[in-house]
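Reviewing the structure listed below.
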Amino acid sequence: MARSVKAGPAVRFRLVHLALALVAVGVALYWVGSRARLPSLYYMTGPSMEPAVGAGALFLAVPPRGSPERGDLVLVELLLDDSSYHVLRRVVGLPGDTLAMREGRLTINRAAAPWPCRILQPEADRTLEGPLAGTLYNWGPVVVDSGAVFVLSDTRDMIGWPDSRFLGPLPAARVVGRLWRVVWP
């Protein structure tokens with residue numbers, strides 16, 4: 001024969017206390033998660049950002065906090081045929097900066113860019129089609145508009161996804177992430 005056991009006031013108090021604690025933890029996790037800068041995992045499909053990030057690399061990106069800084073590796077949202085793509089590029093120009101490229105060497109406000117880049121095929125130089133006048137390795141000067149950023153691939157002759165040489169300065173709102181860490185290799 002089974003006996004029923006009644007919970008005393010101490011047990012009920014503990015159960016109510018546990019339930020309130022679980023609700024508080026749930027609310028705190030929701031609040032932190034909705035405001036957190038949690039990283040997202042991405043895969044680098046090609047060599048456009050070598051030598052900084054190699055083809056096949058896995059990397060973590062976090063949502064941007066504030067305006068991007070010159071030299072940041074950022075995810076830029078590009079729209080193509082009603083689809084959105086995230087492309088890793090380097091911010092090389094901020095509002096008011098004057099940019100130019102000669103023989104693949106970038107200058108920012110008449111000073112050489114401080115980060116590495118590469119040209120694999122100098123013979124790939126061709127006329128740019130888009131807002132910039134010049135060729136793939138020789139263009140400018142260009143002044144970056146207010147509220148915009150100028151982004152480039154680190155591999156200058158990359159014929160994959162475009163950068164600002166083909167698209168012009170992009171609205172800063174298109175920067176949707178910042179590289180946080182390369183996790184593999």
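Scope of the values below: all heavy atoms of this structure, side chains included, with no hydrogens, waters or symmetry mates. Treat the numbers as computed from the prediction; the structure is a model and nothing was measured.
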Is it possible for you to say whether L128 and L152 belong to one hydrophobic cluster, with membership spreading through side-chain heavy-atom contacts below 4.5 Å?
yes
4.5 Å side-chain heavy-atom contact, E77 and L79:
yes
Decide side-chain contact (heavy atoms from CB on, under 4.5 Å) for V92 and W115; before the verdict, give the C-alpha distance in whole Å, the side-chain angles of both, and the deciding distance to 0.1 Å.
CA-CA 10 Å; V92 298; W115 45 84; 3.4 Å; yes
Shortest non-hydrogen contact from W139 toward A133:
CB-O, 3.5 Å
Spell out, yes or no, whether W180 and W184 are grouped together once hydrophobic residues are joined by side-chain heavy atoms under 4.5 Å, including indirect joins.
yes
Nearest non-hydrogen partners of P169 and S164, listed with the distance
CA-OG, 4.2 Å
L75 and Y85: CA distance, side-chain angles, deciding distance, side-chain contact (heavy atoms from CB on, under 4.5 Å) verdict:
CA-CA 9 Å; L75 285 170; Y85 300 91; over 6 Å; no
Flag, side chain of E50 to backbone of A55, donor-acceptor distance under 3.5 Å
yes
Counting only N and O atoms by type, is there a donor-acceptor contact under 3.5 Å from the side chain of N109 to the main-chain atoms of D97?
no
Tell me whether V176 shares a hydrophobic cluster with F150, the cluster being built from Ile, Leu, Val, Met, Phe, Trp, Tyr side chains joined at under 4.5 Å.
no
Taking the side chain from R110 and the backbone from T98, do they hold a donor-acceptor pair closer than 3.5 Å?
no
Can you check side-chain contact (heavy atoms from CB on, under 4.5 Å) on F59 and L88, steps first, answer last?
CA-CA 10 Å; F59 64 92; L88 186 67; 4.1 Å; yes
Please give me the minimum heavy-atom distance between D72 and R178, naming the atom from each residue.
OD2-CD, 3.9 Å
Please tell me if the side chains of D154 and P116 come closer than 4.5 Å, counting only heavy atoms from C-beta onward.
no
In terms of heavy-atom contacts, S146 and P95 come closest through CA-CB, 3.9 Å
Kindly work out whether a path of hydrophobic side-chain contacts (I/L/V/M/F/W/Y, heavy atoms less than 4.5 Å apart) joins V74 to M44.
no
Taking the side chain as every heavy atom from C-beta outward, state whether V149 and L94 have any pair of such atoms under 4.5 Å apart.
yes
Would you kindly confirm whether L73 and V175 end up in one hydrophobic cluster when ILVMFWY residues are joined by side chain heavy atoms under 4.5 Å apart?
no
Full working for side-chain contact (heavy atoms from CB on, under 4.5 Å) between V87 and V151:
CA-CA 10 Å; V87 180; V151 296; over 6 Å; no
With S153, which of R118, R165, R90, R89 fulfils side chain to side chain donor-acceptor pair (under 3.5 Å)?
R89
Tightest non-hydrogen contact, residues P39 and L60, listed as CB-CB, 4.0 Å
Hey, could you give me the SG/CE distance between C117 and M49, rounded to the nearest 0.5 Å?
10.5 Å
Distance in Å, N138 CG paired with L132 CG, rounded so as to fall on 0.5 Å steps:
12.0 Å
When you compare the side chains of T135 and R126, does any donor N or O come within less than 3.5 Å of an acceptor on the partner?
no
In short, I108 meets A113 closest at the heavy-atom pair CD1-CB, 4.1 Å
So, taking the atom named CZ in R156 and the one named CD1 in I119, what distance separates them when rounded to the nearest 0.5 Å?
7.5 Å
Counting only heavy atoms not in E103, do more than 12 sit closer than 6.0 Å to its CD atom?
no
